[in-house]
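Worth knowing before you read on, the calculation uses all heavy atoms, side chains too, and leaves out hydrogens, waters and symmetry mates. A, B, ... follow the sequence lines: proteins, then strands. Residue 1 opens every chain.
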2 protein chains.
Amino acid sequence: MTRRHNRTRGDRGIPEATVARLPVYLRALHSLQEREIATVSSEELAAAAGVNSAKLRKDLSHLGSYGTRGVGYEVEYLVYQISRELGLTQDWVVAIIGVGNLGRALAGYGGFASRGFRVAGLLDADESVVGEQISGLSVRHIDDLEQVIADHGVSIAVIATPAAAAQGLCDRVVAAGVTSVLNFAPVVLSVPEGVDVRKVDLSIELQILAFHEQRKAGGPGEAGAEGWGEDHDGDRADDRARGQEPPETTQYVEAVEA
Amino acid sequence: MTRRHNRTRGDRGIPEATVARLPVYLRALHSLQEREIATVSSEELAAAAGVNSAKLRKDLSHLGSYGTRGVGYEVEYLVYQISRELGLTQDWVVAIIGVGNLGRALAGYGGFASRGFRVAGLLDADESVVGEQISGLSVRHIDDLEQVIADHGVSIAVIATPAAAAQGLCDRVVAAGVTSVLNFAPVVLSVPEGVDVRKVDLSIELQILAFHEQRKAGGPGEAGAEGWGEDHDGDRADDRARGQEPPETTQYVEAVEA
DNA sequence: ATCTGTGAACATGTTCACAGCC
DNA sequence: GGCTGTGAACATGTTCACAGAT
């Protein structure tokens, strides 16, 4: 999606689509580890991860030849390789900006520390929240943002503030040296080259569901395409009949907010 | 991603990638509306949405010919067309299952009602939460799940429970007639054909950021590929040197949890 | 003159099907 | 025999560049 085109020579880049699935495989593998299963076939692991086995094998083949033909993959070894590829063998220091319900949910999220993400700062602009203890951390005032980032070496900022505050705070964390941002605010953040932004947007997810839900009933426009005088164009020679889409089952992977 | 292959005749399906971006365009358009801007060019709207203009035009062309050459798009009309396409001209009834911090954040989220999503039920298994008033709704006991779904005609269920409870609750909502599920629990849900599941997974997002962050420093494996006796294969003739990836700026669109 | 809509070229992602190894 | 790893076929998505409408 962002990867440079025409990669040349040796091409050790892992496709974005694969990177996005590695965490899913990792989770499935951890669950196998808990059940003390030592070896797994691509078929089994794929089922646990909700993908098909060809895709799983192709994905893993981008990391190396870590399986054994006729046997499968050794769970522990694969966990290690994927973790290393994702950079989870080192710790990442995270600051959470905005301590509303969402910020609290994030601060309390277990799968955090367990995956090498250490929350080193909670920040908020609301004086009545500053000082509160949450998951063993004291909430700092947003004025201390740069200080907290510098003191703890924060490299990932999670923005869980209202939309209006997000871009300004993003600019500040980037100026303070943060190069990865996870944005929950419903705005498109702009950042300089070299900074990664990922977006999580609940309302977008719901709208996508609504789109498919509507298809399951009967085509769009049920609620009437009326009341638009103008008769705008009227072209679209191809008929409007969309009919029912085939149903879908697969697990997607897309954007969301809250 | 799930669309059937070899679509034939008339093909009125809108590409998934386009569907995923329509909500983003819609948000940008609403912001233009607030600033009382009546007309917008593909260039301007694309900038506001964080995509390039060719992509925007191609996306909109899937809905119809709603622009005017030499001029641009009429904001209000485009808002209407996209809303209709997404099924936002009708109301969708939502139940939120799990009223922890995340469930509360979702219940209080404004962009909800404003986009045609009506939260008709909050449910939790914890007796100490049942009965609590949140955003004007009284939390119901999870035992009432089927009742709430039937009474209010819920068509979208949001699962914001711990992982262990998610599949069971998913089975129940599906049995009760829900055909769209938004899952925040860190598990792969399996559902019958015809039911849509979307997943939002915070830890996955963080892991993807960590991957890119690691690349910005120097290749993976910094923390050493040691301690794995076995010397497993050792093949991978292509050298391990990944070097620095070019930096990235673009806004992605992917999966997350909390 | 300007800006949309789109065919054609390119790039990425997925699936098939089987060679190759255990 | 069984299962991985992968080339080749297919499908989807993106970008370019320009014809065509206003």
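Rounded to an integer number of Å, the gap from B:D59 CG to D:dG13 C1' is 10 Å. In this structure, the CZ atom of B:R57 is 15 Å from the P atom of D:dA19, given to the nearest Å. The separation between A:K55 atom NZ and C:dA17 atom P is 17 Å, rounded to whole Å. At whole-Å resolution of the value, CG in A:L60 and P in C:dT14 are 14 Å apart. If you measure from atom CZ of A:R21 to atom C1' of C:dG13, you get 8 Å, rounded to the nearest angstrom. Distance, A:L56 CG to D:dT6 C1': 14 Å, rounded to whole Å. Remark: P of C:dT4 and CG of B:L63 are 15 Å apart, rounded to the nearest angstrom. One atom, CD of A:E74, and another, P of D:dC3, lie 17 Å apart when rounded to the nearest Å.
Considering only residues two or more places apart in sequence or on other chains, A:N52 meets the side-chain hydrogen bond (donor to acceptor under 3.5 Å, both in side chains) condition with none of them. Residues passing the side chain to side chain contact (heavy atoms under 4.5 Å, CB included) test with B:S53 are B:S42, B:E43, B:A46, B:R57, sequence neighbours excluded. In this structure, the side-chain hydrogen bond (donor to acceptor under 3.5 Å, both in side chains) partners of B:T179, at least two apart in sequence or on a different chain, are A:E213. Checked against side-chain hydrogen bond (donor to acceptor under 3.5 Å, both in side chains), B:S83 has no partners two or more places apart in sequence or in another chain. Evaluation of the side chain to side chain contact (heavy atoms under 4.5 Å, CB included) rule for B:A163 yields B:P186, B:V187 as partners, not counting sequence neighbours. With sequence neighbours left out, the side-chain hydrogen bond (donor to acceptor under 3.5 Å, both in side chains) criterion links B:T18 to B:D59. For B:Q167, the side chain to side chain contact (heavy atoms under 4.5 Å, CB included) test picks out B:C170, B:D171, B:L189, B:S190, with sequence neighbours left out.
Among A:Y73, A:Y80, A:Y77, the one residue that satisfies the ring-ring contact (aromatic ring centres under 6.0 Å, His included) test with A:Y66 is A:Y77.
Atoms NE2 and CG, on B:H62 and B:L22 in that order, are 10.5 Å from each other to the nearest 0.5 Å.
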Distances for protein N or O near nucleotides 20-22 of chain C N or O, under 3.5 Å:
{"from": "C:dG20", "atom 1": "N3", "to": "A:R69", "atom 2": "NH1", "distance (Å)": "3.4"}
{"from": "C:dC22", "atom 1": "O4'", "to": "A:R69", "atom 2": "O", "distance (Å)": "3.3"}

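Distance from the side chain of A:A54 is smallest to C:dC16 among C:dC16, C:dG5, D:dG5.
Near DNA chain C, meaning a heavy atom under 4.0 Å from it, residues 37-46 of chain B has B:S41, B:S42 in order of number.
Each of B:Y73 and A:T18 has a nearest nucleotide on DNA chain C; the 5'-most of these lies closest to B:Y73. The residue among A:K58 and B:N52 whose nearest nucleotide of DNA chain D lies closer to the 5′ end is A:K58.
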